[in-house]
Amino acid sequence: MLDIKFIRENAETVKKNCEDRKMKCDIDRLLILDEKRRELMLAVEELNAEKNKINNQIQKASSEEKGKLIEQGKEVKDKLEKTEPELEKVNAEYKSILYAIPNMHSEDTPIGPDESCNEVIKKVGEIPKFDFQPKEHWELGAELDLIDSVRAAKVSGSRFNYLKGDLVLLEFALMQFAFSVLTDAKILKEIAEKNNLKVSAKPFIPVLPPVMIRPEIMNRMARLDPEEMYSLERDNLNLIGSAEHTLGAMYADEILDAKELPIRLVGFSTAFRREAGSYNKDMKGILRVHQFNKLEMESFTEPDKSLDEQNFIVAIQEHLIGALGVPYQVVSICTGDMGKPDVRQIDIETWMPGQNKYRETNTSDLIGDFQARRLNTRFRSDDGKVEYVHMNDATAFSGRPMIAIMENYQQADGSIKVPKVLKKFMPGNPDFIVKK
RNA sequence: GGAAGGGUGGCCGAGUGGUUUAAGGCAACAGUCUUGAAAACUGUCGUGGAUGAAAGUCCACCGUGAGUUCGAAUCUCACCCCUUCCGCCA
């Protein structure tokens, strides 16, 4: 959420930001409620002060004074019982508006209503030419017996898959490769230097986080629409849609020491998404599924370091995708397309020859203090001041890069060449994935 | 899942209805002493909110939420978490 003081002082800018991001937020109503809220808070505080005063007097009073004072106490209580529900009502509406307001976007974010206004800021790699008609990954998956959607549909429903054989080993190889980069301070330092970034080379700490989350914590992450999450009602838990959800909330209600920062985590988890409202979109294969594995980066920094941190994280993502030898483009996501908590969203889209398109494989979200304010994750600076941390969250690898590998590395004979960088992470160091 | 015990400030810990809403200790920070350090002594030492130029004043917070009461860290109920034992289990 945004700081109410900021909204008070910058109402017009906040309104403009909501419009740019295609979100309807009644800022005028919020400001009225804000004033009303403070008025009522003051009234309640004054009544409480009176209550405390009477309580102290009762203790010292003689027995004949006592009866009178207790009567006074009851009067104050009556007034409190009228004022407090009023405050609660105002508070509830105030919060519902405040929580719905998106974060302020960065200056370099393109303005526009939808994805057509996203800006490609960099293209890397030559689009491969095939002397045969390249297939889509789901065709290759079925032919090489790597993806079984038919049986998965029988057992679990649509948008589920059995991944099999070398594709499973390829997925683990991807993750292992990413871990080998993210936990190595030397490699991280090289990436930072190559991109002229003055950031710490502190390695990422590997984490296997919980995949279930309390709804109230999820709410404080202000991330996925609840409609998009699976919920286990009997146990009052939701399945996470990304490791971001449990990684980002890890330090909720804590005050960290500035010396500990940056805290960099890399978490592996299965992600669960209902994909409500995306019927008929990307129905085949593993591009858009209810369940997939993802390696996620999450970082907590001081406010003045968070933008460089995002640039560093994007550089890491480029290093990872680039090492696979597949063409990609870096895209600056526009206001109408970016996530609600994001200050700045950069995606990496990877070339998929079967579809003849770039498709999103990585995303990087600079969130600033938007989540930290709700989560109450703070740090104490060297001069003793307590401030909200800034957060960044980004994909290292998910299942999607496997689509890019399958389609870019497919051969005329139907086999798939294994990218050189992944070979050593696969048992048997195979050169090709072939039909068995 | 069953039984018992517990959750108090950065940490330890006293407090079981009203003596400032938190004793005492540790840690931390500053100062005195010292050539320097240690020790000792003195002082400071939670978070958020309201108001104010500031000093300050006021309010809230003792796992979370509700309740009883003129008054709750303290009593009641629900939930969450931790510890120990039993059961089940990869």
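The sequence lines fix the lettering, A, B, ..., with proteins before strands; numbering per chain opens at 1. A quick note: this is a predicted structure, and the numbers were derived from the prediction, not measured.
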> Check RNA chain B for consecutive Watson-Crick or G-U pairs with both distances under 3.5 Å and list the runs of at least three as stems.
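When the pairs of RNA chain B are grouped into runs of at least three, the stems are B:1-7 with B:80-86, B:10-12 with B:24-26, B:28-32 with B:40-44, B:46-51 with B:56-61, B:63-67 with B:75-79.
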
> If I take atom CG in residue Asp257(A) and atom P in nucleotide C29(B), what distance separates them, rounded to the nearest angstrom?
12 Å

> Which residues satisfy the side chain to side chain contact (heavy atoms under 4.5 Å, CB included) test with Glu216(A), sequence neighbours excluded?
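Partners of Glu216(A) by the side chain to side chain contact (heavy atoms under 4.5 Å, CB included) criterion, ordered by chain and then number, come out as Arg214(A), Asn236(A).
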
> Might you list the N or O atoms of the protein lying below 3.5 Å from N or O atoms in nucleotides 48-52 of chain B, with each pair's distance?
| unit_1 | atom_1 | unit_2 | atom_2 | d |
| --- | --- | --- | --- | --- |
| G49(B) | N2 | Glu45(A) | OE1 | 3.2 |

> Run the side-chain donor-acceptor check on residues 247-255 of chain A: report pairs under 3.5 Å with partners two or more places apart or on a different chain.
| unit_1 | atom_1 | unit_2 | atom_2 | d |
| --- | --- | --- | --- | --- |
| Asp253(A) | OD1 | Arg220(A) | NH2 | 3.1 |
| Asp253(A) | OD1 | Asn376(A) | ND2 | 3.4 |
| Asp253(A) | OD2 | Arg220(A) | NH2 | 3.3 |

> State whether a side-chain donor-acceptor pair under 3.5 Å links Glu193(A) with Asn195(A).
no

> Tell me which nucleotide among U47(B), G71(B), A60(B) gets nearest to the side chain of Lys77(A).
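From the listed options, G71(B) comes nearest.
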
> How far, in whole Å, is U47(B) from G63(B) if one measures between their C1' atoms?
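Result for the C1' pair: 16 Å, nearest Å.
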
> Determine the interatomic distance between C1' on C81(B) and the same-named atom on U64(B); round to the nearest Å.
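Rounded to whole Å, the distance is 10 Å.
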
> Between A23(B) and G43(B), how far apart are the P atoms? Round to whole Å, please.
15 Å

> Could you give the distance separating G65(B) and G9(B) at their P atoms, to the nearest angstrom?
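So the two P atoms sit 15 Å from each other.
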
> Looking only at side-chain atoms of Asn55(A), point me to the closest of A60(B), C70(B), U47(B).
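The listed nucleotide nearest to Asn55(A)'s side chain is C70(B).
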
> Rounded off to whole Å, could you give me the NZ-to-C1' distance for the Lys79(A) and C59(B) pair?
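Answer to the nearest Å: 17 Å.
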
> Nearest whole Å is fine: how far is G71(B) P from Lys68(A) NZ?
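Taking atom P of G71(B) as the reference, NZ of Lys68(A) is at 20 Å.
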
> Roughly how far, to the nearest 0.5 Å, is the CD1 atom of Ile101(A) from the NZ atom of Lys15(A)?
11.0 Å

> I'd like to check the side chain to side chain donor-acceptor pair (under 3.5 Å) partners of Thr350(A); sequence neighbours left out, ordered by chain and number.
Thr361(A)

> Rounded to the nearest angstrom, tell me the gap between atom NZ in Lys51(A) and atom P in U21(B).
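It works out to 13 Å between those atoms.
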
> Nearest nucleotide by nearest heavy atom, which residue falls closer to the 5' end of RNA chain B, Lys53(A) or Ile70(A)?
Lys53(A)

> What is the distance, rounded to the nearest whole Å, between atom CG of Asn219(A) and atom P of U64(B)?
19 Å

> In whole Å, what separates the P atom of A28(B) from that of A39(B)?
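Comparing P positions in A28(B) and A39(B) gives a spacing of 9 Å.
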
> Could you give the CG-to-C1' distance, from Asn52(A) to G17(B), as a whole number of Å?
15 Å

> Provide the distance between the two P atoms, one in C77(B) and one in U19(B), to the nearest whole Å.
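Between the two P atoms, the distance is 25 Å.
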
> I'd like to know if the side chain of Arg21(A) and the backbone of Gly339(A) have a donor-acceptor N/O pair within less than 3.5 Å.
yes

> On RNA chain B, compare the nucleotides closest to Ile54(A) and Asn48(A); which residue's is nearer the 5' end?
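Nearer the 5' end of the strand: Asn48(A).
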
> My understanding is that only residues two or more places apart in sequence, or in another chain, count here; which of them pass side chain to side chain contact (heavy atoms under 4.5 Å, CB included) with Ala173(A)?
Leu422(A), Phe425(A), Met426(A)

> Show me the donor-acceptor pairs, under 3.5 Å and distance only, between side chains in residues 290-316 of chain A and residues at least two apart or in other chains.
| unit_1 | atom_1 | unit_2 | atom_2 | d |
| --- | --- | --- | --- | --- |
| His290(A) | ND1 | Tyr230(A) | OH | 3.1 |
| His290(A) | ND1 | Arg273(A) | O | 2.8 |
| His290(A) | ND1 | Arg274(A) | O | 3.4 |
| Asn293(A) | OD1 | Thr270(A) | OG1 | 2.7 |
| Asn293(A) | ND2 | Glu171(A) | OE2 | 2.9 |
| Lys294(A) | NZ | Ser242(A) | OG | 2.8 |
| Lys294(A) | NZ | Glu296(A) | OE1 | 2.6 |
| Ser299(A) | OG | Glu309(A) | OE2 | 2.9 |
| Ser306(A) | OG | Pro303(A) | O | 3.2 |
| Ser306(A) | OG | His390(A) | ND1 | 2.8 |
| Glu309(A) | OE1 | Arg264(A) | NH2 | 2.8 |
| Glu309(A) | OE2 | Arg264(A) | NE | 2.8 |
| Glu309(A) | OE2 | Arg264(A) | NH2 | 3.4 |
| Gln310(A) | OE1 | Arg344(A) | NH1 | 2.7 |
| Gln310(A) | NE2 | Arg344(A) | O | 3.0 |
| Gln310(A) | NE2 | Ser364(A) | O | 3.0 |
| Gln310(A) | NE2 | Ser364(A) | OG | 3.3 |
| Asn311(A) | OD1 | Arg344(A) | NH1 | 3.2 |
| Asn311(A) | OD1 | Arg344(A) | NH2 | 3.3 |
| Asn311(A) | ND2 | Leu307(A) | O | 3.4 |

> In whole angstrom, give the distance that lies between atom CD of Glu216(A) and atom P of G63(B).
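Spelled out: CD on Glu216(A) to P on G63(B) is 18 Å.
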
> With a 4.0 Å cut-off on heavy atoms, is Arg380(A) in touch with a base, just the backbone sugar-phosphate, or nothing at all?
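If one applies the 4.0 Å heavy-atom cut-off, Arg380(A) turns out to touch the sugar-phosphate alone, with no base involved.
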
> May I have the list of side-chain donor-acceptor pairs in residues 177-186 of chain A shorter than 3.5 Å, sequence neighbours left out?
| unit_1 | atom_1 | unit_2 | atom_2 | d |
| --- | --- | --- | --- | --- |
| Ser180(A) | OG | Phe177(A) | O | 2.6 |
| Thr183(A) | OG1 | Phe179(A) | O | 2.7 |
| Asp184(A) | OD1 | Lys186(A) | N | 2.9 |
| Asp184(A) | OD1 | Ile187(A) | N | 3.4 |

> Donor-acceptor pairs under 3.5 Å, side chain of residues 80-91 of chain A to any protein atom, not counting sequence neighbours: which ones?
| unit_1 | atom_1 | unit_2 | atom_2 | d |
| --- | --- | --- | --- | --- |
| Thr83(A) | OG1 | Lys79(A) | O | 2.9 |
| Asn91(A) | OD1 | Arg37(A) | NE | 3.0 |

> Just the rounded figure in Å: distance from P of G71(B) to CG of Leu47(A).
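Spelled out: CG on Leu47(A) to P on G71(B) is 13 Å.
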
> Just the table, please: protein N/O against nucleotides 78-81 of chain B N/O, every pair under 3.5 Å.
| unit_1 | atom_1 | unit_2 | atom_2 | d |
| --- | --- | --- | --- | --- |
| C80(B) | O3' | Arg214(A) | NH2 | 3.1 |
| C80(B) | O2' | Arg214(A) | NH2 | 2.9 |

> Distance check, P atoms only: A73(B) and U8(B), in whole angstrom units.
16 Å

> Please evaluate residues Glu139(A) and Lys284(A) with respect to the criterion salt bridge (Lys or Arg N to Asp or Glu O under 4.0 Å), reporting the C-alpha separation (whole Å), side-chain torsions for both, the decisive distance (0.1 Å), and the verdict.
CA-CA 9 Å; Glu139(A) 294 176 271; Lys284(A) 290 189 168 163; over 6 Å; no

> P atom, G1(B) versus C88(B): distance in rounded Å?
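Result for the P pair: 16 Å, nearest Å.
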
> Among all residues two or more places apart in sequence or in another chain, which pass the side chain to side chain contact (heavy atoms under 4.5 Å, CB included) test with Ala11(A)?
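Here the qualifying residues are Ile27(A), Leu31(A).
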
> If the condition is side chain to side chain contact (heavy atoms under 4.5 Å, CB included), which residues does Ala153(A) pass it with, not counting sequence neighbours?
none

